[in-house]
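Working notes, structure below.
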Amino acid sequence: MPQLEVMPELDYQSEVYKDAYSRINAIVIEGEDEAFNNYNQLAGLMPNNAEELKKLAKMEFKHKKGFEACGKNLSVTPDIAFAKEFFSELHGNFQTAAAEGKIVTCLLIQSLIIECFAISAYNIYIPVADAFARKITEGVVKDEYMHLNYGEEWLKANFEESREELEVANKQNLPLVWKMLNQVSEDAKELSMEREALVEDFMISYGEALGNIGFTTRDIMRMSAYGLAA
Ligand code: Y39
Ligand code: FE
Ligand code: FE
Ligand code: FE
């Protein structure tokens, strides 16, 4: 990864670092809050899986608390208004799908796209985080792999009847990820998180997930191409 090459010492107390952190930390806190709400909403849509989904929601709530502590530890006030705007389109798409009872679309948005986004961001953040945040993020990322696995398993078990909806939902939502990454890449860079490393890690996790649920390599290539233009 490019970020493992020699880089200038990070000053976690500098104004530039803290300014960037106020947005990245807010995105993570708001993202965890979205995830908490999304899994609780999915529990309502999937009564047979409600118990498990509520457990995932509880984990997301704990993550949110952990990242709030990371901001406090650096004396940073998270810019939550910025973060709400950042998630608004993805949030809207999830809400529309949930209102229509489209479980497959909701799972693709939360358990594949958002979880892969989280996994890539946390993996890239851990080596450059302050000691306090690193410990918290290491604990969180383990949970995110479980959440991704939950979505993969359900979609794999229901692959044939889900694939068409998955293709449509991918086409609609994957471009939003690139838009979001582009919006945040300058701030991420201030934290020593390189855009290319984030993209690479995301694509690996997302592509693997699509493969695990039953898509062919050819499908994955075609589906991954959406959004590259964004
Ligand atoms: O499932 C989860 O816990 C996901 C909500 C959390 C998403 C976190 C979003 C991270 C994006 C940060 C981008 C920084 C470069
Ligand atoms: Fe929400
Ligand atoms: Fe989480
Ligand atoms: Fe999660």
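Both counts, for ligands and for their atoms, begin at 1 and track the order of listing.
Which parts of ligand 1 touch V184 is read off a 4.0 Å heavy-atom cut-off, strictly below it: atoms 15 (C). Close approach to A35 involves these atoms of ligand 1, each under 4.0 Å from a residue heavy atom: 1 (O), 2 (C), 5 (C). Applying the 4.0 Å criterion to heavy atoms of A118 picks out, from ligand 1, the atoms 4 (C), 6 (C), 7 (C). Using a 4.0 Å cut-off to heavy atoms of E115, the atoms of ligand 1 that qualify are 1 (O), 2 (C). Of all atoms in ligand 1, numbered sequentially from 1 with element shown, those under 4.0 Å from a heavy atom of E144 are 1 (O), 2 (C), 3 (O). The E60 neighbourhood of ligand 1 comprises atoms 1 (O), 2 (C), 3 (O), with distances under 4.0 Å to a heavy atom of that residue.
Taking any N or O of Y122, backbone or side chain, none lies under 3.5 Å from an N or O belonging to ligand 1.
Between F36 and H63, the ring centre distance reaches or exceeds 6.0 Å.
The environment of E85 atom CD is sparse: at most 12 non-hydrogen atoms of other residues, nucleotides or ligands sit within 6.0 angstrom.
Taking the six-membered ring where tryptophan is involved, the planes of F117 and F202 are perpendicular, since the angle between them exceeds 60° and thus also 30°. Ring geometry for Y125 against Y21 counts as tilted: the plane angle lies between 30° and 60°, on a 0 to 90° scale.
For the pairing with I113, the side chain to side chain contact (heavy atoms under 4.5 Å, CB included) check across N173, L176, N93, L107 returns one residue only, N173.
Remark: side-chain polar atoms of N212 are not paired, donor with acceptor, to backbone N or O of E152 under 3.5 angstrom.
When all heavy atoms of S162 and V104 are compared, the pair lying nearest together is OG-CG2, 3.4 Å. Between S111 and G151 the shortest heavy-atom distance is CB-CA, 3.7 Å. Across L198 and A121, no two heavy atoms sit closer than the pair CD2-CA, 3.7 Å.
Looking only at protein heavy atoms, the nearest one to atom 9 (C) of ligand 1 is F87 CZ, 4.1 Å. The protein heavy-atom contact nearest to atom 10 (C) of ligand 1 is A121 CB, 4.1 Å. Nearest protein heavy-atom neighbour of atom 4 (C) of ligand 1: I114 CG2, 3.5 Å. In this structure, atom 5 (C) of ligand 1 lies nearest to the protein heavy atom G31 O, 3.0 Å.
Contact annotation: E34 has no heavy atom less than 4.0 Å from any atom of ligand 1. Residue contact annotation: Q110 has a non-hydrogen atom under 4.0 Å from ligand 1.
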- [ ] Would you please test Y145 and Y150 for ring-ring contact (aromatic ring centres under 6.0 Å, His included) and show each step?
- [x] CA-CA 9 Å; Y145 282 108; Y150 179 88; over 10 Å; no

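Between the side chains of H147 and Q110, not a single donor N or O lies within less than 3.5 Å of an accepting N or O.
Protein N/O/S atoms nearer than 2.8 Å to the Fe ion (ligand 4) total 5.
Pairs passing the side chain to side chain donor-acceptor pair (under 3.5 Å) check and including a residue from residues 70-80, sequence neighbours excluded, do not occur.
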